[in-house]
Structure formats: structure tokens, C-alpha cells
> 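Below is the structure I would like to discuss, written out as C-alpha cells.
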Amino acid sequence: MIAHGCYWKKCTFCDVNLDYIGRYDPAPAELLADRIEEIVAQTGQNGFHFVDEAAPPLLLRDLSLELLRRKVKINWWTNIRFEKTFSADLCRLMAEAGCIAVTGGLEVASDRLLKKMKKGVSVAQVARVARDFTQAGIMVHAYLMYGFPTQTEQETVDSLEVVRQLFEHNVIQSGFWHQFAMTAHSPVGRNPEEYGVVCTGPEFKGFAENDLYHEDSEGCSHEQYGAGLSRAIYNYMHGMCTDWLVSEWFEFSVPEAAVSPFMIEQALMQKGKEEEMQMGCRLVWLGNLPSFENSVKKRKGKGKAADKAKLVFVGKHENWELTGHKDEIKWLHNQFSSFLVNSSNKKTLGKLAEDYQKTFDRSFAGFMRSQPWKTLRQVGLLLIK
Ligand code: SF4
């Protein structure tokens, strides 16, 4: 475990009143890395399944930095919430530190019901976060739910349509549908009427006998959808039939999906708040230090050679160069050691911007639009909160 319990502990279907969820107790990243190194030394195993209920993103950040700093090579995977703290850059950092898969709850894939279950995420946000994990090379498995109190037939069909689109755009690669179960230790189990259902027994007799029956007069008859949902996801996971109408998966007549067929495409095009630039973010460079060279051959019509310089990077698979104005490239070269994972002189984007403005007496925003900066961001200069 990275942390005992769940830092969120709000989902209304979850056993938040029990210790294993409700008592959040994280371990510091250094201690986790010590334990990991010890387990690798004792067992020779380097695959770790962190069995957290929902691993906290900032602790995953710290652990990733610590593993990279110590050059510990492991593969790991864990449960997460699809929350906006998982920026594209954090996903890349985690991948570099050995994360190969995450599992997380999309649950009913309906904004109305996600709100009712206090999941704290929206479908659009899940899509963008899952996309960022996938693009970083981390596989995404979604826990899906049907039969939440008051869920209608239309909402069940629509949630399958959302899941179909997520597979179609390859932002999730795996998933499983569970039918909602009302437990005595969850907020719904404790106050069923508040969620529109009636508890019909049995009398709660203790910790392990915690499943309660309920009647959901507002919702549909949930059990009958399980087989169709499972058939659909089995095929989607094998890359098949994402072009079928979702109504075709059921052996009885259901309405067509009412959500837009472009819902996920549009969500992926939107810039979420999670992608806004943060001046407080730390700059992290995952490669080697580049070398500086000021001898760039003059190319026809490309200005004077004397004004240009380049940084030469030695990569894992190939070497590459970054060319730009000599004064800026030299300045950038001087900054690089502060971007390294083990730097004692860590730098935020805000500090870098200040330094740039002091050195050149011009706005950093212009430099951020320049090709050298864009290239560096693309190849792995990360901004980590
Ligand atoms: S469902 Fe997951 S995220 Fe929600 S409270 Fe339970 S453990 Fe936490």
C-alpha cells in the first residue's frame, strides 16, 4: 500500500464508515522507496501491485520522483481516482518511474449519477485523464457500475454508449461492470431514503454480513442489463464491435442512446482546468544533461550563423539537437541542472520566468511560444505540481 484508506472517502456507495476506507494514513515516499528496495533485494521480484483503495496523486508524484532519483527499476500498477491532479505531465512522470497500468472508477458514466454518488469527477474529466494516462503508455482499466439508485433504463444504455466511445477513442483499454450492491457501511446503506430507495432487509447483524436488499421504484429493473453490458465490454476489450449501436447488445428491446455520438470526442478536444499552466509547477527533466555548441552551420536565408547555437542531447535510442538564438540557448543550458530529478536547486516555472525576464528584459510568454521551448516540452521537460 502507498496509503492506508482513501483520501477522498466520500463516494456514497462505498464502505467509507469502515477503517479500511475511512482511516487515511499515507506513508512518506522515502519510506515506501526503502521498503520497495528491500522487497526487491529479498525476493528478486520487481513487479508491484499497490493495493490502495485510491492512491493519492501527490504521493504517487513523490514516489515516482524518489524511484527515479534512486534509479530503482520496477513495474507497478494501482487504483486511482480519475482526478484532475493527474496531469499529462504527472502521467509521463509515473510512466517513467515504472507505472504500467491504473485502475479507477468511472462507475455509472453519467454526470447526474456521478454527482449523486459524490464521486467528484465528471465523464469529460475521466476521458481526459484516461487519455493522458494512455498517451503516457499506461494502460487504463475502468470499474463500471450499473443499478445505482434511481438509475433509469435510458441512463444504463447511455452509460454503455459513453463506454463505447471511450474504447473507440482508445482512452480506456479494459473495464468491468459490477451491479451496485447496497452495503450497511456506505452512506446509501445508512440513509437509503435520501437516495430514493427503500431498504427491505435483512437486519444488519455485523461487519461481514453487510449486504442489504433494496427496492428502487424510480429506477429500472437493473439485473436484466448485466448480460448485455458484459457482452459489449468483452468485445470492446478485444477491439471489436465498437461500431455497433449499443442497443444491439441486449436481447430485449431498449431505447437508442440519447447522448451525442461525439460526446467523448468533444470532451477530449476541450482544454480542462487540469491542463492550465501553473507557475508554481516544478520543472523536471528526465533525460541526461545536454552539451552546448555554438558552431551551427549557416543555412541559406536562415540568418547569421554567429547568432545561433545548439544543445546536443544523448538519448536512449538516438541523439538529437535543439537549435535557437545563441543567447537563449546558452541561458537554457545554464538552467538544465536545476531540472534534474536529483537537483538540490529545484526550479519552478515561475522562477524560470523571473530569471528569463531579468536576463533578457522581455516577456517569458514569447519564449514559451518559441520552437525550442515547445520541443523541450514535447520530448520530456515536465511541469509537475
Ligand atoms: S469508491 Fe474509491 S474513491 Fe470513492 S470513497 Fe471508496 S475508495 Fe475512495
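We count ligands from 1, going down the list as the structure has it; atoms in each ligand are counted the same way. The analysis underlying the following values was restricted to heavy atoms, covering all of them including side chains, and did not include hydrogens, waters or symmetry mates.
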> What is the ring orientation for W285 with F336, classed by angle as parallel under 30°, tilted 30 to 60°, or perpendicular over 60°?
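Because their plane-to-plane angle is over 60°, the rings of W285 and F336 count as perpendicular.
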> Nearest to atom 4 (Fe) of ligand 1, what protein heavy atom do you find, and at what distance?
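Of every protein heavy atom, C11 SG, 2.3 Å lies nearest to atom 4 (Fe) of ligand 1.
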> Starting from atom 7 (S) of ligand 1, which protein heavy atom do you reach first, and at what distance in Å?
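Residue, atom and distance for the closest contact: E53 CB, 3.6 Å.
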> Using 4.0 Å as the upper bound for N to carboxylate O, is an ion pair formed by E168 and R164?
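Yes, charged N to carboxylate O under 4.0 Å.
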> Considering only non-hydrogen protein atoms, determine which one is nearest to atom 6 (Fe) of ligand 1 and report residue, atom name and distance to 0.1 Å.
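For atom 6 (Fe) of ligand 1, the nearest protein heavy atom comes out as C14 SG, 2.4 Å.
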> Any carboxylate oxygen within less than 4.0 angstrom of a Lys/Arg side-chain nitrogen, looking at R362 and E328?
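Yes, R362 and E328 are salt-bridged.
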> Looking at atom 8 (Fe) of ligand 1, what's its closest protein heavy atom, distance included?
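Answer, as residue, atom name and distance: C6 SG, 2.3 Å.
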> Quick check on contacts: which atoms of ligand 1 are under 4.0 angstrom from a heavy atom of K10?
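This gives 5 (S) as the contact atoms.
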> Side chains of Q165 and E161: donor-acceptor distance under 3.5 Å anywhere?
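There is such a pair between these side chains.
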> Which ligand 1 atoms are under 4.0 Å away from a heavy-atom of F13?
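That gives atoms 1 (S) of ligand 1.
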> If the cut-off is 4.0 Å to any non-hydrogen atom of R81, which atoms of ligand 1 fall inside it?
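Those of ligand 1 that fall under 4.0 Å from R81 are 3 (S).
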> For residues L229 and L160, determine if any side-chain heavy atom of one lies less than 4.5 Å from a side-chain heavy atom of the other.
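Sidechains of L160 and L229: in contact.
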> Would Q179 and Y225 count as having a side-chain donor-acceptor pair, cut-off 3.5 Å?
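Distance-only check fails for Q179 and Y225.
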> Would you check whether Y7 reaches within less than 4.0 Å of ligand 1, judged by its heavy atoms?
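Flag not set, Y7 not near ligand 1.
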